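Worksheet for the structure shown next.
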Amino acid sequence: MTTSVSKQHPRSMSRMLMLRSLSSYLGRSDAMLVAGVSVLSMIVLCAIFGPMLYPIDPWDMDATPLLLPGEDWRHFLGTDAMGRDVVAGLIHGARTSLIIGFFGAAFALMIGITIGSLSGYFRGWVDDLLMRITEIYQTIPIFIFLIVLVAIFGPKLSTITWAIAVVSWPPVARITRAEFLVLREREFVQASILLGVGDLRIICREVLPNALPPVIVLGSIVTANSILNETALAFLGLGDPNVISWGTMIGSGREYLRTAWHLSAIPGVAILVTVLSISTVGEWMNQMLNPKGRSA
């Protein structure tokens with residue numbers, strides 16, 4: 001009986017420490033975390049299920065133009081200059097912005113992690129070549145480069161997503177490379193090399209999992225920037241003309257700021273709230289994954 005208790009004791013103690021540490025993380029920033037996750041979850045659910053719960057086509061021009069919020073209960077946030085419902089535009093625009101934001105960030109992380117891991121692990125001429133390519137990308141103004149890519153390949157949803165990924169990966173590559181340069185000298189990596197473990201196996205199973213925390217935190221910033229970049233493109237008329245987005249709504253409503261302020265203000269607030277919620281979740285992840293933040 002005593003032997004079984006002593007065998008289970010270390011495991012139970014580790015579980016208890018994990019639970020205590022998790023509760024301390026949540027206790028420090030529970031209000032901000034709950035607010036950020038709640039708002040972001042509502043936006044995601046609205047983008048997924050909103051068109052089914054509010055089945056109004058955002059392109060339908062069947063209402064009185066330039067209705068103010070509250071003027072007509074059927075269109076309680078008003079209508080634009082062509083009689084299109086603002087709420088329907090917000091719901092479908094949320095789907096467009098989130099798709100471009102999340103997928104653009106995911107593709108940027110894939111490119112950046114691949115280049116950064118190869119550069120930091122192999123070093124030497126591989127590091128020099130990949131970092132020179134990264135520096136070339138960073139010398140080009142990001143938004144101008146983004147406009148050029150969309151103008152050349154066409155303003156389609158897939159093109160915009162890939163273009164945002166192409167201009168967003170250099171910071172991810174640099175952070176991944178810095179983590180790999182440090183972890184490459186650790187004992188467990190050197191032991192794997194001495195044992196003859198393949199480079200790809202070491203990168204994927206030994207080094208990369210330990211290098212991911214700062215990259216994951218950076219992913220939230222890339223996601224927020226992707227949404228802002230898509231909004232700026234749509235505001236300039238370089239968005240996909242076949243889908244509605246928050247940037248398109250702001251761009252079409254800028255001519256009516258004095259008579260119908262809500263056309264630009266409402267989607268602008270939606271963008272602000274979305275970016276702030278993503279940044280809040282990213283900040284909490286930084287506190288949770290950063291050892292200095294945990295010890296504070």
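Scope of the values below: all heavy atoms of this structure, side chains included, with no hydrogens, waters or symmetry mates. What you are looking at is a predicted structure, and each value in this text was computed from that prediction instead of being measured.
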Does atom CG (L183) have a neighbourhood of more than 12 heavy atoms from anything else shown, all under 6.0 Å?
yes

L67 reachable from V87 in the ILVMFWY side-chain graph, under 4.5 Å edges:
no

d(F235 CZ, R254 CZ) to nearest 0.5 Å is 4.0 Å

Ignoring hydrogens and angles, tell me if any N or O in the side chain of T159 forms a donor-acceptor pair with the backbone of P155 under 3.5 Å.
no

Test side chain to side chain contact (heavy atoms under 4.5 Å, CB included) applied to N210 and F180, step by step:
CA-CA 9 Å; N210 295 283; F180 265 73; over 6 Å; no

Single-linkage hydrophobic cluster M42~I227, side-chain heavy atoms < 4.5 angstrom:
no

Identify, with sequence neighbours excluded, every residue that meets ring-ring contact (aromatic ring centres under 6.0 Å, His included) alongside F107.
W162

Quick one: does S117's side chain have a donor or acceptor within less than 3.5 Å of a partner on T114's backbone?
yes

Are side-chain heavy atoms of D80 and M249 found at a separation under 4.5 Å?
no

Contact list for residues 97-124, test salt bridge (Lys or Arg N to Asp or Glu O under 4.0 Å), sequence neighbours left out:
R123-E185

Given side chains that start at C-beta, do those of T274 and L98 come closer than 4.5 Å, heavy atoms only?
yes

Salt bridge (charged side-chain N to carboxylate O under 4.0 Å, His left out) for R177 and D127? Distances and angles first, verdict last.
CA-CA 9 Å; R177 172 183 176 270; D127 184 23; 2.7 Å; yes

Quick one: do the Y54 and D85 side chains pair a donor with an acceptor below 3.5 Å?
yes

Residues that W246 engages under ring-ring contact (aromatic ring centres under 6.0 Å, His included), provided they are two or more places apart
none

What is the distance from atom OG1 of T161 to atom NZ of K156, rounded to the nearest 0.5 Å?
11.5 Å

Distance col, row Q138:CD vs M131:CE, nearest 0.5 angstrom, shows 8.5 Å

Any heavy-atom pair between the side chains of L146 and I160 that's under 4.5 Å?
no

A side-chain contact here means heavy atoms from C-beta on lying under 4.5 Å apart; do L157 and I100 qualify?
yes

Would you say that W169 contacts I164 through its side chain, given a criterion of any heavy-atom pair below 4.5 Å between the two side chains?
no

Whether H262 side chain and L66 backbone form a donor-acceptor pair below 3.5 Å:
no

Evaluate salt bridge (charged side-chain N to carboxylate O under 4.0 Å, His left out) for R184 paired with E206, printing each intermediate quantity in order.
CA-CA 10 Å; R184 180 72 162 71; E206 301 295 337; over 6 Å; no

So CD1 of I91 and CD1 of I56: to nearest 0.5 Å the spacing works out to 8.5 Å

Nearest heavy atoms of P214 and I175, plus distance in Å:
CB-CG2, 4.1 Å

Under the criterion side chain to side chain contact (heavy atoms under 4.5 Å, CB included), which of L228, I221, N225 is the partner of V275?
L228

Quick one: do D240 and V243 satisfy side chain to side chain contact (heavy atoms under 4.5 Å, CB included)? Show the steps, please.
CA-CA 6 Å; D240 191 336; V243 294; 3.5 Å; yes

Using modelled atom types only, decide if a donor and an acceptor are shared between the side chain of S119 and the backbone of I115 within a distance under 3.5 Å.
no

For T176 and V172, the nearest pair of non-hydrogen atoms, with its separation, is OG1-O, 2.8 Å

Give a yes or no on this: more than 12 heavy atoms of other residues, nucleotides or ligands lie within 6.0 Å of atom CZ of R74.
no

CD1/I193 to CG/D199 distance, rounded to the nearest 0.5 angstrom?
7.0 Å

Are side-chain heavy atoms of V167 and Y137 found at a separation under 4.5 Å?
no

Report yes or no: do V182 and V215 belong to one cluster of Ile/Leu/Val/Met/Phe/Trp/Tyr joined by side chain heavy-atom distances under 4.5 Å?
no

Verify, without hydrogens or angle tests, whether T231 (side chain) and G247 (backbone) share a donor-acceptor contact under 3.5 angstrom.
no

Kindly indicate, with the supporting measurements, whether the criterion side chain to side chain contact (heavy atoms under 4.5 Å, CB included) is fulfilled by F143 and L233.
CA-CA 9 Å; F143 191 65; L233 286 174; 4.2 Å; yes

Closest non-hydrogen atoms of A105 and T223, given as atom of the first, atom of the second and distance, are CB-OG1, 3.2 Å

S220 and G282 have their tightest heavy-atom pair at OG-CA, 3.3 Å

Distance-only side-chain donor-acceptor flag, S245 / T248, under 3.5 Å
yes

Rounded to the nearest 0.5 Å, what separation is found between the CG atom of L118 and the CG atom of L129?
11.0 Å

Are L90 and I48 in one and the same hydrophobic cluster, where Ile, Leu, Val, Met, Phe, Trp and Tyr link if side-chain heavy atoms are under 4.5 Å apart?
yes

Ring center gap for W261 and Y256 short of 6.0 angstrom:
no

Salt-bridge test for R174 and E179: reply yes if a basic N is under 4.0 Å from a carboxylate O, no otherwise.
no

So do D72 and T64 actually touch side chain to side chain, heavy atoms under 4.5 Å?
no

With a 4.5 Å heavy-atom cut-off, do R205 and S192 have their side chains touching?
no

L263 to A81 - nearest heavy-atom pair and separation:
CD1-N, 4.2 Å

Out of L194, V197, V207, which residue meets the side chain to side chain contact (heavy atoms under 4.5 Å, CB included) rule with V189?
V207

Would you say that more than 12 heavy atoms from the other residues, nucleotides or ligands in this model lie under 6.0 Å from the CZ of F153, or not?
no

With distance as the sole test, does S277 use its side chain to make a donor-acceptor pair with the main-chain N or O of V39 at under 3.5 Å?
no

Quick one: do L45 and M52 end up in the same hydrophobic cluster if we chain Ile, Leu, Val, Met, Phe, Trp and Tyr together by side-chain heavy atoms under 4.5 Å apart?
yes

Between T79 (side chain only) and R84 (backbone N and O only), is there a donor and an acceptor less than 3.5 Å apart?
no

Nearest heavy atoms of A108 and V222, plus distance in Å:
CB-CG1, 4.1 Å

